[in-house]
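Read through the structure below, which is laid out as structure tokens, and then see the notes.
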Amino acid sequence: MPVINHVRGDQVPDSMLNVRTPVVKLPLWLVLTWWLLKGLALAVVLACRYWYATGPTVLLACLYVDFGWLGPVGLLVGLAALGAGWRFGHRASFERFGWWPALSRWRRWWYRRRWLSAMTTAKLTVAFDGHAVVPILKRVRSTGAADVLTVRMVTGQIPDDFARVSERLTHTFGARTCRVIPADRPDLVTLTLLRGDPLAAVVAPYPVPSVPDLAALPVARLEDGSTFRLRLAGSHVLIVGATGAGKGSWQWSLIAALAGGVRAGLVRLRVLDPKGGMEMAAGIPLFERFVCESFRQMADELEEGVGELQRRTARLRGRTRQHTPSTDEPAYVFVIDELAALTSYLTDRQLKDRIKAALGILLTQGRAVGVYVVAALQDPRKDVLPFRDLFPTRIGLRLTEAAQVDMVLGDGMRDRGALCDRIPMSMPGTAYVVLDGEPTPTRARASYWTDAHIADLAREYGWLRVVDGDWTEGGAA
Ligand SMILES: Nc1ncnc2c1ncn2[C@@H]1O[C@H](COP(=O)(O)OP(=O)(O)OP(=O)(O)O)[C@@H](O)[C@H]1O
Ligand SMILES: [Mg+2]
């Protein structure tokens, strides 16, 4: 039995309480005026809300009224000329402040139109209390190659819910890949949808910083078009890739990023090239030591590094926990082209043991005192296994087998998208890296240093020069 009954006509006899809405009679003019005011208010609100459409329309209409067709057409031509001048005069600021904001606004409208259907088909809407609750698209930032969508999740959702359907979202929005990253606020998630591929073209060398920041060395381009800044401070770097995968370009990009430090005396490069010096010899003026022939010398070099490390540890003990490079205490960077040549292929057992012992100490104790190792490796299956885990930063270039990916980047990384075995041979230098704090790996392509670039680099930043066919100190001014 209904307890309360709203009566619009006759009274319902069997309800406990009957409520009748009072009937107020209004004159027609009052109702019409009220509707008119409401309509006007709505028009003002809409005009303000969509100012980017209404403002220009009003302006163009005013110009048309005052000057005829010449007014609006003249304004549009003038603006186009101004935009073209800005674009060719200073492209960076044009893109940053003109083009990308406009593109972002357009893309936001484009995503909004597809949002509800995309969320529903990806099963990201949640039914609650008879309503469908949809994640909210808060912001779209577009940089040409990538659209970064900031989304507020429905209560109870987690970023993994979006990561699980990332492939579906990729196809729904017609993108190439979709990366899901938790945002800085726990209720937000960012979806990075990539359209073009900024890694398809060869990456030109980055400008050499005059004082390198060892925590952020510009070495490669990320797939959203931004610069990958590699952290060397407190780390060691292992670069793994099949032959011809482009390990050289990662090594040179890193050396180039450190070259300013070499000139300033903050960084000393000690280079071991067991493959006979073919790869690294062009940079000799930059290197404090360079060994490419004798494995005995390489072992001596590493052991000397250990000696230096132990003396420095004793000096710094109790004073600091993380070394910062200075001219008195420079950072030592050991660059080893082909690690397996020293740890696996070498036949002299005694020599191999010496090298392994020294390398083990450098890798375990070097990070804190500014002694770093950057090593390249062709085949991650070789028995460099114990060393592999001592490299906190690992870069996976093209590999021959899918099973090698997890060996290089860590367990489960291939499932999370590091498809190193599918990198085409036509894109040398392309690799997967795991960025700080991100659950999914990211693609990056190292800048490409040609022989001419390396010769220029060595001339400008090297501290050796050739006198009578011999290297002498005093290269860079
Ligand atoms: N980042 C890059 N961009 C464009 N081309 C590149 C890049 N890196 C390498 N290449 C090209 O790929 C070729 C092979 O690269 P590289 O010698 O660096 O390979 P690698 O991995 O060191 O091979 P190996 O194991 O035989 O030493 C180079 O000759 C160069 O032309
Ligand atoms: Mg090489």
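When a ligand or atom number is given, it counts from 1 through the structure's own listing order. In this text the structure is predicted, and so the values were computed from the model without any measurement. Sequence positions, counted from 1, serve as the residue numbers for this chain.
Gly244 N, 2.9 Å is the protein heavy atom nearest to atom 23 (O) of ligand 1. The single protein non-hydrogen atom nearest to atom 25 (O) of ligand 1 is Lys247 NZ, 2.6 Å, given as residue, atom name and distance. The protein heavy-atom contact nearest to atom 15 (O) of ligand 1 is Gly246 CA, 3.7 Å. Distance from atom 26 (O) of ligand 1 to its nearest protein heavy atom, with residue and atom name: Thr243 OG1, 2.8 Å. When only non-hydrogen protein atoms are considered, atom 29 (O) of ligand 1 lies nearest to Tyr448 OH, 4.5 Å. Of all protein heavy atoms, the one closest to atom 1 (N) of ligand 1 is Ala446 O, 3.0 Å. From the protein, the heavy atom lying nearest to atom 17 (O) of ligand 1 is Glu279 OE1, 3.9 Å. Of the protein's non-hydrogen atoms, Arg445 NH2, 3.4 Å is the one closest to atom 4 (C) of ligand 1.
When only interatomic distances are considered, the shortest N/O to N/O separation between Gln378 and ligand 1 falls below 3.5 Å. Checking only distances, Val202 never comes within under 3.5 Å of ligand 1, N or O to N or O.
Not close to ligand 1: Gly241, with no non-hydrogen atom less than 4.0 angstrom away. For the ligand labelled ligand 1, residue Lys275 lies inside the 4.0 Å heavy-atom shell. Residue-ligand proximity: Ser253 is placed with every non-hydrogen atom at 4.0 Å or more from ligand 1.
Using bins of under 30°, 30° to 60° and over 60° for the plane-to-plane angle, the ring pair Trp99/Phe94 lands in the parallel bin. Ring-plane geometry between Phe228 and Trp250 is classed as perpendicular, the angle between the planes exceeding 60 degrees on a 0 to 90 degree scale with a lower cut at 30.
Between Ala220, Pro428, Ala376, it is Pro428 that holds the heavy atom closest to atom 2 (C) of ligand 1.
Of the residues Arg176, Arg107, Arg108, Arg141, the one that meets the salt bridge (charged side-chain N to carboxylate O under 4.0 Å, His left out) test with Asp147 is Arg107. Tested against Val262 for a side-chain contact (heavy atoms from CB on, under 4.5 Å), the candidates Leu269, Val333, Leu457 yield a single pass: Leu269.
Listed by atom number, the atoms of ligand 1 under 4.0 Å from Ala242 heavy atoms are 21 (O).
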Working note: Ser249 + Trp449, criterion side-chain hydrogen bond (donor to acceptor under 3.5 Å, both in side chains); need CA distance, chi angles, decisive distance, verdict. CA-CA 6 Å; Ser249 59; Trp449 287 76; over 6 Å; no

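When atom types are taken as modelled, the side chain of Lys247 and the backbone of Ala242 share a donor-acceptor pair closer than 3.5 angstrom. Between the side chain of Arg221 and the main chain of Ala446, no donor-acceptor pair closer than 3.5 Å is present. Checking side-chain atoms of Asp273 against main-chain N and O of Met280 turns up a donor-acceptor pair under 3.5 Å.
Per-atom contact check: atom 13 (C) of ligand 1 does not touch the protein, criterion being a heavy-atom distance below 4.0 Å.
The shortest non-hydrogen separation linking Glu293 to Met298 is N-CE, 4.2 Å.
Between Tyr111 and Phe173, the distance from one ring center to the other falls under 6.0 angstrom.
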